[in-house]
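Encoded as structure tokens, the structure appears first; notes follow it.
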Amino acid sequence: MKKTIIACYKMFTNKTTVCVIDGFKIIEGKDSTIDGMVDDIIELANKYEIETVNIKGSKKYSEKLKADLFEKGMSKYNKSFKVNLIK
């Protein structure tokens, strides 16, 4: 299984955690904020050469986060980079 990033956040709170997982094992977890989550995801994706990010949270904000990821630097992974929105 390839490494992936999981980012889960809850409404009405500013704190979140971004995790790199490999199968069922957490490789690295990073405390983040809603405002810094895009930068933290990009940092971890570059560090571990990750091409898949899974985001769990409100649909509207998750879609914005997905767009921000591609705008801020994930486009360097070209079409192989994927962002999945988890319901």
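Computed over heavy atoms, backbone and side chain alike; hydrogens, waters and symmetry mates excluded.
Using a 4.5 Å heavy-atom threshold, the side chains of Ile42 and Leu69 count as touching. You'll find the side chain of Lys30 reaches within 4.5 Å of the side chain of Leu44, heavy atoms only. Using a 4.5 Å heavy-atom threshold, the side chains of Asp22 and Tyr48 count as separate.
Closest approach of Ile41 and Ala7 over heavy atoms only: CD1-CB, 4.0 Å. Closest non-hydrogen pair, Ile55 versus Lys66, comes out as CD1-N, 4.5 Å.
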Test side chain to side chain contact (heavy atoms under 4.5 Å, CB included) applied to Asp39 and Lys72, step by step:
CA-CA 8 Å; Asp39 294 329; Lys72 278 193 159 184; 3.5 Å; yes
Could you give me the CA-CA distance, side-chain angles and deciding distance for Glu51 and Lys2, then say whether side chain to side chain contact (heavy atoms under 4.5 Å, CB included) is met?
CA-CA 9 Å; Glu51 296 178 353; Lys2 290 185 177 182; 4.2 Å; yes
Using the salt bridge (charged side-chain N to carboxylate O under 4.0 Å, His left out) rule, take Lys47 and Glu28 through it: C-alpha gap first, then chi angles, then the decisive distance, then the call.
CA-CA 11 Å; Lys47 181 176 179 180; Glu28 183 175 346; 2.9 Å; yes
Derivation and outcome, side chain to side chain contact (heavy atoms under 4.5 Å, CB included), residues Met37 and Thr33
CA-CA 6 Å; Met37 191 165 33; Thr33 63; over 6 Å; no
Could you walk me through whether Lys3 and Glu49 pass the side chain to side chain contact (heavy atoms under 4.5 Å, CB included) test, one step at a time?
CA-CA 8 Å; Lys3 291 179 188 141; Glu49 298 178 359; over 6 Å; no
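Here the OG atom belonging to Ser62 is positioned 5.5 Å from the CG atom belonging to Leu85, to the nearest 0.5 angstrom. Of the inter-residue distances, the one linking Lys25 atom NZ with Cys19 atom SG reads 14.0 Å to the nearest 0.5 angstrom. The distance from the CG atom of Asp40 to the CD1 atom of Ile5 is 9.5 Å, given to the nearest 0.5 Å.
Residues satisfying the side chain to side chain contact (heavy atoms under 4.5 Å, CB included) criterion with Ile6, sequence neighbours excluded, are Cys8, Ile21, Asn54. Residues forming a salt bridge (Lys or Arg N to Asp or Glu O under 4.0 Å) with Glu63 (at least two apart in sequence, or on another chain): none.
In terms of modelled atom types and a separation under 3.5 Å, the side chain of Thr4 and the main chain of Thr52 share a donor-acceptor contact.
Of the candidates Ile34, Val18, Asn14, Ile34 is the only one forming a side chain to side chain contact (heavy atoms under 4.5 Å, CB included) with Tyr9.
Residue Ile86 belongs to no hydrophobic cluster, having no ILVMFWY side-chain heavy atom closer than 4.5 Å to its own.
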